[in-house]
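One structure below.
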Amino acid sequence: MKKVTAKAPVNIALIKYWGKKNIEDIVPYNASISISLDNLYTITTLEESRTGFEFHLDGKLVTGTESDKVYDFLKYFSDETKISNLKVNSTNYVPTAAGLASSASGFAALSVAANSYFETNYDFKELAKITRKGSGSACRSLLGNIVAWETNGDVYNIASPIKDFVMISVLIDKSKKNISSRQAMALSAENSPLYREYVVESAKDFIEMKKAIELGDYEKIGKLTKKSSLMMHGIMLSTHPPILYMDKTSIFIYNLMEELSKQGIYANPTMDAGPNVKILTREKDYKKVIDSLESNGFMDYYISRLGEGAKLIEE
Ligand code: PMV
């Protein structure tokens, strides 16, 4: 029986994406830059099912809207007769929907697996276009290392001399978020009075960040990483009704990292649609960051390095 398995990394944005210019095609208002992580990922297997379409997530059968979303997404690859005889088995090696971007790795793995299973053989550009329909940021998980996603839809690697990035993801809350990023960013684009300025400023930051990455300018990269995350959360706060993903622990960690930075330690926090804080640091400094986290009671964290992009694997 036919069976295809794909693996895709979690990606964490250094320049954030928040808002869609085109909701149908998932075209972002602002270009973003992310890094793909080596040890946080999704593995998805597609195989024939004798009992109709089934979507299993982390070993459990999922029904309802979540399963419908996967079913509908697969229509980009095949007709319904084939999809209705498919079993999708997806395992997240990361807490689902806790702001660690498991939907990005999930849709990237699903895309790569489906492209092979249904023999559609879409080229990279076409696959990226489809993948972002599952989740915008998922198209960045198709590639490894440092990835850009532009407002025209292009997804590509940014070449960099940097090889020693370490990303520490501090788990503050593993529960699911109460508003999806898709709904939240639509609200922000619709009614935040600061949204236009945010788009203009982010466009500048994207260009600056790209240059800094190409040059290996760690300081600039760190500053822009912090700035972009705080600007995005500022936009969330200025949305009506306000969107508040961070909590007091997230803010505490931001302040803690500020203290480390003052001591010359490379420690740049960022945060997505959830309270967990991710810290961009370097091989030479990450143990100092961990010491500081642990001495403040944060024992639950992942240490990641730059990882590979989505690919088919043997199981
Ligand atoms: O791809 P989505 O719809 O899950 O958007 C997530 C956007 C952020 O994670 C909050 C920021 C980013 O660029 O990854």
Side-chain angles (χ1 to χ4, degrees), residues 8-37 40 42 66 69-70 73 92 94-111 128-143 146-151 153 155 158 167 169 176-189 192 195 198-199 201-203 205-206 209-210 224-237 239 243-246 250 269-278 280 304 310:
V10 161
N11 76 73
I12 303 295
L14 306 184
I15 295 291
K16 303 295 184 188
Y17 141 66
W18 195 249
K20 299 170 180 68
K21 197 161 56 182
N22 179 328
I23 289 169
E24 275 300 295
D25 205 20
I26 316 282
V27 178
Y29 269 115
N30 66 286
S32 53
I33 295 177
S34 61
I35 61 172
S36 291
L37 305 184
L40 298 177
T42 301
E66 242 182 305
K69 199 173 169 198
V70 171
F73 182 74
N92 287 320
V94 51
T96 300
L100 276 178
S102 58
S103 70
S105 51
F107 278 104
L110 186 61
S111 265
K129 197 170 167 183
I130 292 171
T131 307
R132 69 178 191 242
K133 294 191 193 229
S135 160
S137 59
C139 62
R140 297 188 313 236
S141 281
L142 290 173
L143 294 178
I146 309 179
V147 185
W149 174 31
E150 296 243 21
T151 52
V155 177
I158 304 177
M167 185 68 97
S169 307
K176 275 195 159 200
K177 50 200 175 197
N178 50 20
I179 175 168
S180 72
S181 48
R182 181 165 288 203
Q183 286 170 298
M185 67 175 75
L187 271 180
S188 292
S192 162
Y195 193 75
Y198 165 73
V199 172
E201 192 67 13
S202 288
D205 290 346
F206 172 84
M209 180 66 105
K210 203 171 143 184
L224 288 169
T225 296
K226 245 184 297 186
K227 177 185 173 188
S228 177
S229 76
L230 289 172
M231 277 212 310
M232 180 181 76
H233 285 271
I235 288 303
M236 291 170 177
L237 292 175
T239 299
I243 300 151
L244 191 57
Y245 286 122
M246 65 173 99
S250 328
T270 183
M271 205 180 355
D272 294 291
N276 300 317
V277 178
K278 297 101 187 187
L280 181 71
S304 309

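Along the sequence shown, residues carry numbers from 1. Heavy-atom basis, side chains included; hydrogens, waters and symmetry copies ignored. Ligands are counted one by one from 1 in listed order, and the atoms in each one are counted from 1 as well.
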Subject >> NE2 on H233 to CE on M246, rounded to 0.5 Å >> reply: 5.5 Å
Original post:
So, is Y17 polar-close to ligand 1, with some N/O to N/O distance under 3.5 Å?
Top reply: yes
Original post:
Contact between S32 and ligand 1, counting heavy atoms under 4.0 Å?
Top reply: no
Subject >> Element-labelled atoms of ligand 1 that are located less than 4.0 Å from some non-hydrogen atom of M185 >> reply: 3 (O), 5 (O)
Original post:
Do other residues, nucleotides or ligands put more than 12 heavy atoms under 6.0 Å from the NZ atom of K129?
Top reply: no
Original post:
Who pairs with T225 by side chain to side chain donor-acceptor pair (under 3.5 Å), at least two apart in sequence or on another chain?
Top reply: none
Subject >> Donor-acceptor side-chain pairing of T42 and N92 below 3.5 angstrom >> reply: yes
**OP:** For S141 and S137, indicate whether the former's side chain and the latter's backbone hold a donor-acceptor pair under 3.5 Å.
**Re:** no
**OP:** Give a yes or no on whether the ring-centroid distance for Y195 and Y29 is below 6.0 angstrom.
**Re:** yes
**OP:** Using non-hydrogen atoms of the residue, decide whether A104 is closer than 4.0 angstrom to ligand 1.
**Re:** no
Original post:
Looking at ligand 1, does any of its N/O atoms fall within less than 3.5 Å of an N/O of R182?
Top reply: no
**OP:** May I ask you to list the atoms of ligand 1 that are less than 4.0 angstrom from any heavy atom of W18?
**Re:** 10 (C)
Subject >> Under 3.5 Å: N/O of S135 near N/O of ligand 1 >> reply: yes
Subject >> Any donor-acceptor N or O pair under 3.5 Å, side chains S32, R140 >> reply: yes
Subject >> Sub-4.0 Å atoms of ligand 1 with respect to non-hydrogen atoms of G136 >> reply: 1 (O)
Subject >> Close-contact set for ligand 1 against A13 heavy atoms, below 4.0 Å >> reply: 12 (C), 13 (O), 14 (O)
**OP:** Would you please determine whether R140 falls within less than 4.0 Å of ligand 1 on a heavy-atom basis?
**Re:** yes
